Amino acid sequence: MTELSTRTLGTVSPLTVSTLGLGCMGMSEFYGATDEAAGIATIHRALDLGVTFLDTADMYGPFTNEQLVGKAIAGRSDEVQLATKFGNERAPDGTRIGINGSPEYVRSACDASLARLGVDHIDLYYQHRVDKSVPIEETVGAMAELVEAGKVRHLGLSEASATNIRKAHATHPITALQTEYSLFTRDLEDEILGVIRELGIGLVPYSPLGRGMLTGKQEWTTLEDGDGRASAYFPRFQGDALEANLKLVDAIGKVAADKGCTPGQLALAWVLAQGDDVVPIPGTKRVKYLEENVAAAAVTLTPEDLAHLDQVVPRDAVLGDRYGDMTHIDR
């Protein structure tokens, strides 16, 4: 397997990362049973393959995912571009407290993340969700203080509106926006993609595989206990929506077969083809799926391939909102 190349996020405050990142969330929560040893082995294999852009957040676990990542990169942190997030506040027992963008919380959350990760700085620190009760200039102002203190190198936003992206970037250069983007989720193309490119902000798509649906692997009626995709929180995996969406996945699978790759690899190749300022972070907790994802970087899609995929998966063909409750998304 060839080693991954790199891409650069942001132009005002640029950060060079691996062409594909690794989302570590599912190693600790949300997608069924977890196995810390398997998660650490997956991160080690990622580093060996040149996947050096690792994504976590304090709320995953909560807190345990940062600890897992910290264990995995111990002694190898100089190889890594480490991204984590604050803002989705949770209690140690997992209770969701709310979205917190207060300057005091920004400072305390960063110090706690540094301790759990076992590092002296975070390469990319995101506001995980916008706190609509706090002006984003205040939140980003506190984040900028972390840069000045050497605790953080670059700043990011997640699921921010175009208006708040502009306000944030005017306060301190924003390196990357993280948001959901895939063959199944393309609403950011309406406005946000143009805004971040105007401002020189990179894009980090999460769930580029549609929470696994685009891989065509899973039998969605037999999800294991603890897998959030079985809940109403993810409408695309329920009832008639699931049935309709899986027909789209079947059609993607036929295109993938013609290209000599898996459906998941085709879906990742599509995201990678959207621009050199785009770095998807497919999540997995298993080495075999990591290796499959990395191989997607070698799949080349022609303009004709991309046009064909637009016909196979029309932009608005997917049924169901991406979350059952969209109120936490800044619009």
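Just so we're clear, the structure is a prediction, and the values are computed from it rather than from any experiment. Excluded from the calculations below are hydrogen atoms, water molecules and symmetry mates; all remaining heavy atoms, backbone and side chain alike, are included. Position 1 is the first residue of the sequence; numbering continues from there.
The side-chain heavy atoms of Leu155 and Thr175, taken from C-beta on, include no pair separated by under 4.5 Å. The side-chain heavy atoms of Val147 and Glu145, taken from C-beta on, include no pair separated by under 4.5 Å. Ile99 is not listed as a side-chain neighbour of Glu89, based on a closest heavy-atom distance of 4.5 Å or more. At a threshold of 4.5 Å between non-hydrogen side-chain atoms, the residues Pro282 and Leu268 count as touching. Counting only heavy atoms from C-beta outward, the side chains of Thr179 and Ile329 never approach each other to under 4.5 Å. Annotation: side chain of Lys167 is in contact with side chain of Asn164 (closest heavy-atom distance under 4.5 Å). Between Arg116 and Asp58 there is a side-chain heavy-atom pair separated by less than 4.5 Å. With contacts defined as side-chain heavy-atom distances shorter than 4.5 Å, the pair Leu117/Thr84 qualifies.
The distance from atom CG of Asn88 to atom CZ of Arg96, rounded to the nearest 0.5 Å, is 6.5 Å. Atoms SG and NZ, on Cys24 and Lys285 in that order, are 13.0 Å from each other to the nearest 0.5 Å. Atom OG1 in Thr64 sits 9.5 Å away from atom NZ in Lys71 (nearest 0.5 Å). Atom CG in Leu188 sits 9.5 Å away from atom CD in Gln274 (nearest 0.5 Å). The structure places CE of Met25 at 10.0 Å from OG1 of Thr56, a figure rounded to the nearest 0.5 Å. In this structure, the separation between CD1 on Ile165 and CD1 on Ile174 is 9.0 Å, given to the nearest 0.5 Å.
Not one N or O on the side chain of Ser77 forms a donor-acceptor pair closer than 3.5 Å with the backbone of Ile73. Remark: the backbone N or O of His169 is not paired with any side-chain donor or acceptor of His172 at under 3.5 angstrom. Remark: the backbone N or O of Gly23 is not paired with any side-chain donor or acceptor of Asp55 at under 3.5 angstrom. At distances below 3.5 Å, at least one donor-acceptor pair connects side-chain atoms of Thr215 with backbone N or O atoms of Gly212. In this structure a side-chain-to-backbone donor-acceptor pair under 3.5 Å is missing from Glu291 to Lys288. Judged by distance alone, with hydrogens and angles left aside, the side-chain atoms of Asp35 form a donor-acceptor pair with the main-chain N or O of Ala38 at under 3.5 Å.
A donor atom on one side chain and an acceptor atom on the other are found under 3.5 Å apart for Thr8 and Thr16. Side chain to side chain, Thr302 and Asp305 meet the donor-acceptor criterion of an N or O pair below 3.5 Å. Inspection of the Tyr60 and Lys85 side chains reveals an N or O donor paired with an N or O acceptor under 3.5 Å. Glu79 and Thr52 are not linked by any side-chain donor-acceptor pair at a separation below 3.5 angstrom, with hydrogens and angles left out of the test. For the 3.5 Å distance criterion, the side chains of Thr19 and Ser5 qualify, holding a donor opposite an acceptor. Checked by atom type, the side-chain pair Ser158/Gln127 shows no donor-acceptor distance below 3.5 Å. No hydrogens or angles considered: a donor-acceptor pair under 3.5 Å links the side chains of Glu66 and Ser113. Defined by atom type and a distance below 3.5 Å, a donor-acceptor pair is missing between the side-chain atoms of His308 and Asp310.
One hydrophobic cluster, built from ILVMFWY side chains closer than 4.5 Å, holds both Phe184 and Leu301. Linking ILVMFWY side-chain heavy atoms closer than 4.5 Å, directly or via other members, places Val287 and Leu49 in two distinct hydrophobic clusters. Neither Val152 nor Val12 shares a network with the other; the hydrophobic side chains, linked directly or stepwise wherever heavy atoms of I, L, V, M, F, W or Y lie under 4.5 Å apart, form separate groups for each. Cluster membership check: Ile97 does not share its hydrophobic cluster with Met59, using side-chain heavy-atom separations under 4.5 Å among Ile, Leu, Val, Met, Phe, Trp and Tyr. Tracing side-chain contacts under 4.5 Å through hydrophobic residues (I, L, V, M, F, W, Y), one never reaches Leu114 starting from Phe63; they form parts of separate clusters.
Within 6.0 Å of the CG atom in Asp78, the count of heavy atoms belonging to other residues, nucleotides or ligands exceeds 12. Within 6.0 Å of NZ on Lys132 lie more than 12 heavy atoms contributed by other residues, nucleotides or ligands.
Between Tyr181 and Trp270, the distance from one ring center to the other falls under 6.0 angstrom.
The aromatic rings of Phe234 and Tyr323 lie tilted to each other, with the angle between the two planes from 30° to 60°.
A pairwise comparison of heavy atoms in Leu272 and Ala296 identifies CD1-O, 4.4 Å as the closest pair. Here the closest non-hydrogen pair linking Ala83 and Tyr126 is CB-CE1, 3.8 Å. The heavy-atom pair separating Ile196 from Leu177 by the smallest distance is CG2-CD2, 4.1 Å. Residues Ser18 and Gly50 share a closest heavy-atom pair of CB-O, 3.1 Å. Contact between Met27 and Thr284 at its shortest, heavy atoms only, is CE-O, 3.3 Å. Heavy-atom minimum distance, Asn245 versus Arg236: ND2-O, 3.2 Å.
One finds no salt bridge joining Glu159 and Arg331 here, because no Lys/Arg side-chain nitrogen approaches an Asp/Glu carboxylate oxygen to under 4.0 Å. At a threshold of 4.0 Å, the pair Arg286-Glu292 does not count as salt-bridged, since none of the basic side-chain nitrogens sits closer than that to a carboxylate oxygen. Taking the charged nitrogens against the carboxylate oxygens, Glu189 and Arg315 do have a contact shorter than 4.0 Å, which makes a salt bridge.
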**Prompt:** Do Arg7 and Asp277 pass the salt bridge (Lys or Arg N to Asp or Glu O under 4.0 Å) test, and can you show the C-alpha distance, the side-chain angles, and the key distance before you say yes or no?
**Reply:** CA-CA 7 Å; Arg7 291 184 169 186; Asp277 56 349; over 6 Å; no

**Request:** Go through Phe53 and Leu82 one step at a time and tell me if the side-chain contact (heavy atoms from CB on, under 4.5 Å) criterion holds.
**Result:** CA-CA 6 Å; Phe53 184 38; Leu82 185 58; over 6 Å; no

**Request:** Test Ile43 against Val69 for side-chain contact (heavy atoms from CB on, under 4.5 Å), laying out the working first.
**Result:** CA-CA 8 Å; Ile43 292 173; Val69 172; 4.1 Å; yes

**Request:** Start with the C-alpha gap between Lys151 and Tyr125, add the side-chain angles, then the distance that decides, and say whether side-chain contact (heavy atoms from CB on, under 4.5 Å) holds.
**Result:** CA-CA 10 Å; Lys151 295 179 179 181; Tyr125 199 41; over 6 Å; no

**Request:** Report the C-alpha distance between Arg186 and Asp316 in whole Å, list the side-chain angles of each, state the deciding distance to 0.1 Å, and finish with yes or no for salt bridge (Lys or Arg N to Asp or Glu O under 4.0 Å).
**Result:** CA-CA 8 Å; Arg186 297 177 62 176; Asp316 299 321; over 6 Å; no

**Message:** Please evaluate residues Ile252 and Val313 with respect to the criterion side-chain contact (heavy atoms from CB on, under 4.5 Å), reporting the C-alpha separation (whole Å), side-chain torsions for both, the decisive distance (0.1 Å), and the verdict.
**Reply:** CA-CA 8 Å; Ile252 292 168; Val313 188; 3.5 Å; yes

**Item:** Verdict with reasoning, Arg90 to Glu29, per salt bridge (Lys or Arg N to Asp or Glu O under 4.0 Å)
**Value:** CA-CA 13 Å; Arg90 295 177 73 185; Glu29 197 180 12; 2.8 Å; yes

